[in-house]
There are 2 protein chains.
Amino acid sequence: MGATKTDLFTKKQNELAAMAKALAHPARIAILQVLVKTNACVCGSLVDELGLAQATISQHLKELKQVGLIQGTIEGTSVCYCINPKAWLQYKEFFAMFFKELPENKSCC
Amino acid sequence: MGATKTDLFTKKQNELAAMAKALAHPARIAILQVLVKTNACVCGSLVDELGLAQATISQHLKELKQVGLIQGTIEGTSVCYCINPKAWLQYKEFFAMFFKELPENKSCC
DNA sequence: AATATTAATCGTAATATTGCAATGAATAGA
DNA sequence: TCTATTCATTGCAATATTACGATTAATATT
């Protein structure tokens with residue numbers, strides 16, 4: 001055990017959970033915020049901004065890249081990372097859609 | 001190691017990460033969707049709907065309760081769960097705010 | 001009272017995540 | 001070429017999460 005039983009759920013449910021998981025760490029939130037604010041960035045300056053080791057940052061960047069939220073291009077010895085606008089918009093819409101249908105409930109509990 | 005270094009990040013960043021973590025499992029997504037759809041409270045029928053063991057569902061419910069997304073009241077031998085509308089709205093707004101500022105970028109990468 | 005039902009909790013096992021030191025690969029500049 | 005810089009990757013240890021059987025506590029039914 002210990003492994004998520006993805007086969008029990010719909011594709012959408014697994015997808016949304018995966019999206020949320022990508023955001024489920026303050027370092028990744030912070031990285032995204034830095035990238036949004038500065039519009040571009042490299043790994044080195046992130047190490048300075050956040051207090052984590054270079055290897056750790058690199059790993060978080062890898063995860064964000066894997067889910068497509070960011071993209072990076074090599075630029076000499078450094079790497080330039082930035083937000084993937086398309087994925088960003090998709091995330092925005094996915095979460096908005098999920099939370100859209102407000103249960104104007106009869107507060108049964 | 002293995003523990004998240006929350007002290008390196010702002011309160012907001014940790015908060016948003018915690019919110020995302022609450023959604024970072026398809027079972028919890030599914031539970032929330034059932035609660036939204038049925039609007040009236042579902043009691044223990046969640047165990048039937050999803051294919052997970054009772055103990056597992058109970059654990060997920062506990063996590064959702066801990067972050068305040070759902071609330072439950074005891075009703076005889078069963079428990080009645082439903083969405084917490086206030087928290088739901090807050091989540092909606094938090095995520096919308098986070099994804100709001102689209103980087104109308106100059107696509108530097 | 002005895003039994004059934006419901007759901008929380010405990011204990012355990014399997015797996016995933018987080019973090020970092022060490023190492024490796026690639027380019028830039030001396 | 002040699003060295004410095006930058007970032008990815010590997011390997012490891014610590015911690016967290018997921019899942020479930022077994023047990024427990026509580027109310028409902030007989």
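When reading the values below, keep in mind they use all heavy atoms of this one structure, side chains included, and skip hydrogens, waters and symmetry mates. A, B, ... follow the sequence lines: proteins, then strands. Residue 1 opens every chain.
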Rounded distance in Å - CG (B/L61) to P (C/dT6):
15 Å

Less than 4.5 Å apart, any side-chain heavy atom of A/F99 and any of B/L23?
yes

For A/I74, does the CD1 atom sit with more than 12 other heavy atoms under 6.0 Å from it, leaving out its own atoms?
no

With a 3.5 angstrom cut-off on both distances, give the Watson-Crick or G-U wobble partner of D/dT30, or none if there isn't one.
C/dA1

Do the side-chain N or O atoms of A/K5 get closer than 4.0 angstrom to the phosphate oxygens (OP1, OP2) of D/dC20?
yes

OP1 or OP2 of D/dA19 sitting under 4.0 Å from any side-chain N/O of B/H25?
yes

Could you pick out which residue, B/G2 or A/G2, lies toward the 5' side of DNA chain C when each is mapped onto its nearest nucleotide?
A/G2

Rounded to whole angstrom units, what separation is found between the CD atom of B/Q54 and the P atom of C/dC10?
14 Å

Positive for ring pair (Phe, Tyr, Trp, His ring centres under 6.0 Å) with A/F95, one of B/F95, B/Y91, B/F94:
B/F95

Sorted by position of nearest nucleotide on DNA chain C, 5' first, the leading residue of A/I74 and A/G51 is A/G51

Any base atoms under 4.0 Å from B/I57, or only sugar-phosphate, or nothing? Heavy atoms, all strands.
nothing

Expressed as a whole number of angstroms, how long is the span from B/E49:CD to C/dA7:P?
13 Å

If the cut-off is 4.0 Å, is B/T56 near the phosphate of D/dT18, judged by side-chain N/O to OP1 or OP2?
no

Reckon A/K21 has a side-chain N or O less than 4.0 Å from the OP1 or OP2 of C/dA16?
no

Residue whose nearest DNA chain D nucleotide is more 5′ - A/S78 or A/F9:
A/S78

Does a distance-only test, which skips hydrogens and angles, find a donor-acceptor pair under 3.5 Å between the side chain of B/Q59 and the base of C/dA8?
no

B/A55 near the nucleic acid: base, sugar-phosphate alone, or nothing, with a heavy-atom cut-off under 4.0 Å?
base

Distance check needed: D/dA19 P versus A/D7 CG, whole Å only.
10 Å

Base, sugar-phosphate, or nothing for B/T4, non-hydrogen atoms under 4.0 angstrom?
sugar-phosphate

For DNA chain D, whose closest nucleotide is more 5', that of B/T77 or that of A/G44?
A/G44

Rounded to whole angstrom units, what separation is found between the CG atom of A/L52 and the P atom of C/dC20?
5 Å

C/dT17 phosphate, OP1 or OP2, under 4.0 Å from A/H60 side-chain N/O
no

A/R28 side chain to A/K21 main-chain N or O, any donor-acceptor pair under 3.5 Å?
yes

Working to the nearest 0.5 Å, report the span between CD1 of A/I29 and CG of A/L64.
9.0 Å

Please report the distance, rounded to the nearest Å, between NZ in A/K65 and P in D/dC7.
11 Å

N/O (side chain, B/S58) to phosphate O (OP1/OP2, C/dA7) under 4.0 Å
no

Whole-Å distance between D/dT17 P and B/E63 CD?
7 Å

Atom OG1 of B/T10 and atom CD of B/E15: how far apart are they, to the nearest 0.5 Å?
9.0 Å

For B/R28 and D/dA16, give me the distance from atom CZ to atom P, rounded to whole Å.
15 Å

